[in-house]
Amino acid sequence: MTSGYVHILHTSDIHLDDRLGAKGEESFAQRGLMNVVDKSLELDVDLFLIAGDLFDHNRVKSACLEFASRQLARVQCPVVMITGNHDCMTDYSVYNRYDPREAGSHINFITEEEGGIVEFSDLDLKVWGKGIVDHHPENKPLESVPEKDHDGWYIGMTHGYYVERGAGMYSSLITPDEIAGSTFDYLALGHVHVFSKIHHGATQAAYPGSPSLDQGIREMTAAHVEFSPDRGVRINRIVMEDTGPSDDVTALEAHFTPGF
């Protein structure tokens, strides 16, 4: 491995919606996005990943979209994002009327149904991502993953439900064999709202949890992932404090955790 040190912040399942939020009284989802963006600035990360469900549904109104763009514009490093099951790339998708790339040239939005790759030559790193078009049992988030074809770091991003065995009734399943065969150094997952780490084969993976306290969680979490030539991949659980109301002036309209 010839790649140098890189560190990233991985989040998902923010679930922005149209809940009313007057000035200084933002919803949990609004504050969650602001807090995780603040954390990316505090840590001065090289890359910021959003692994699906930025929005809670595809009907969100313009005020919510404008809020998302303002927050994405604050990020000072490249952003890579995919869709989840709540904001899937369907015919009625929110992304048919909203392009997050308008927030800045640093936003990379992977929309290809079969998945797509974004390359960062300055980091000696590639990101393959595949969002959800249709969330159903036949959807395979890790189907047809391209093999690693360079000496640098290789990161995967997808949104789905990890199972060790069985659970055939669930949609968008991810299996241990698929993770082990992926050739990723790190797999950034979305869909499960509780932080958890997974390790199969040579691939480390994690669900970062959610930064939004209204998602049935007690702590706002994210994954800070370090890539080191000497130590490999290290996944750190980040707990964010709720900083409370901000000065944003726009109101919205009406398992298992193996160690490193």
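Both backbone and side-chain heavy atoms feed into the values below; hydrogens, waters and symmetry mates do not.
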Main chain of [Y], side chain of [X]: is a donor-acceptor contact present, judged purely on distance under 3.5 Å?
X      : Y      : value
Trp153 : Ser228 : no
Thr158 : Lys130 : yes
Glu226 : His224 : no
Gln71  : Ala68  : no

To the nearest 0.5 Å, what is the distance between [atom1] ([X]) and [atom2] ([Y])?
X      : Y      : atom1 : atom2 : value
Thr83  : Glu113 : OG1   : CD    : 10.0 Å
Arg70  : Met34  : CZ    : CE    : 9.5 Å
Asp87  : Leu16  : CG    : CG    : 9.5 Å
Ile107 : Leu72  : CD1   : CG    : 4.5 Å
Glu178 : Lys140 : CD    : NZ    : 7.0 Å
Arg31  : Ser212 : CZ    : OG    : 9.5 Å

Can you give me every donor-acceptor pair (side chain of residues 44-55, partner residue at least two apart or in another chain, under 3.5 Å) with its distance?
residue, atom, partner, partner atom, Å
Asp46, OD2, His7, N, 3.0
Asp53, OD1, Asn85, N, 3.2
Asp53, OD1, His86, N, 2.8
Asp53, OD2, His159, NE2, 3.2

Within a strict 4.5 Å, meaning less than it, do heavy atoms of the Tyr162 and Leu173 side chains meet? no

Can you tell if the side chain of Tyr161 reaches within under 4.5 Å of the side chain of Val163, non-hydrogen atoms only? yes

Strictly by modelled atom types, are [X] and [Y] linked by a side-chain donor-acceptor pair under 3.5 Å?
X      : Y      : result
Asp177 : Thr175 : no
Ser182 : Tyr154 : no
His10  : Tyr207 : no
Asp185 : Gln204 : no

What is the ring orientation for Phe109 with Tyr95, classed by angle as parallel under 30°, tilted 30 to 60°, or perpendicular over 60°? tilted

Assigning hydrophobic clusters by single linkage (Ile, Leu, Val, Met, Phe, Trp, Tyr; side-chain heavy-atom cutoff under 4.5 Å), is Val239 placed with Ile8? no

Criterion salt bridge (charged side-chain N to carboxylate O under 4.0 Å, His left out) on Lys39 and Glu241, from CA distance to verdict: CA-CA 10 Å; Lys39 184 59 67 173; Glu241 295 184 4; over 6 Å; no

Specify the closest pair of heavy atoms between Ile155 and Phe184, including all atoms of both residues, with the distance to one decimal. C-CD2, 3.8 Å

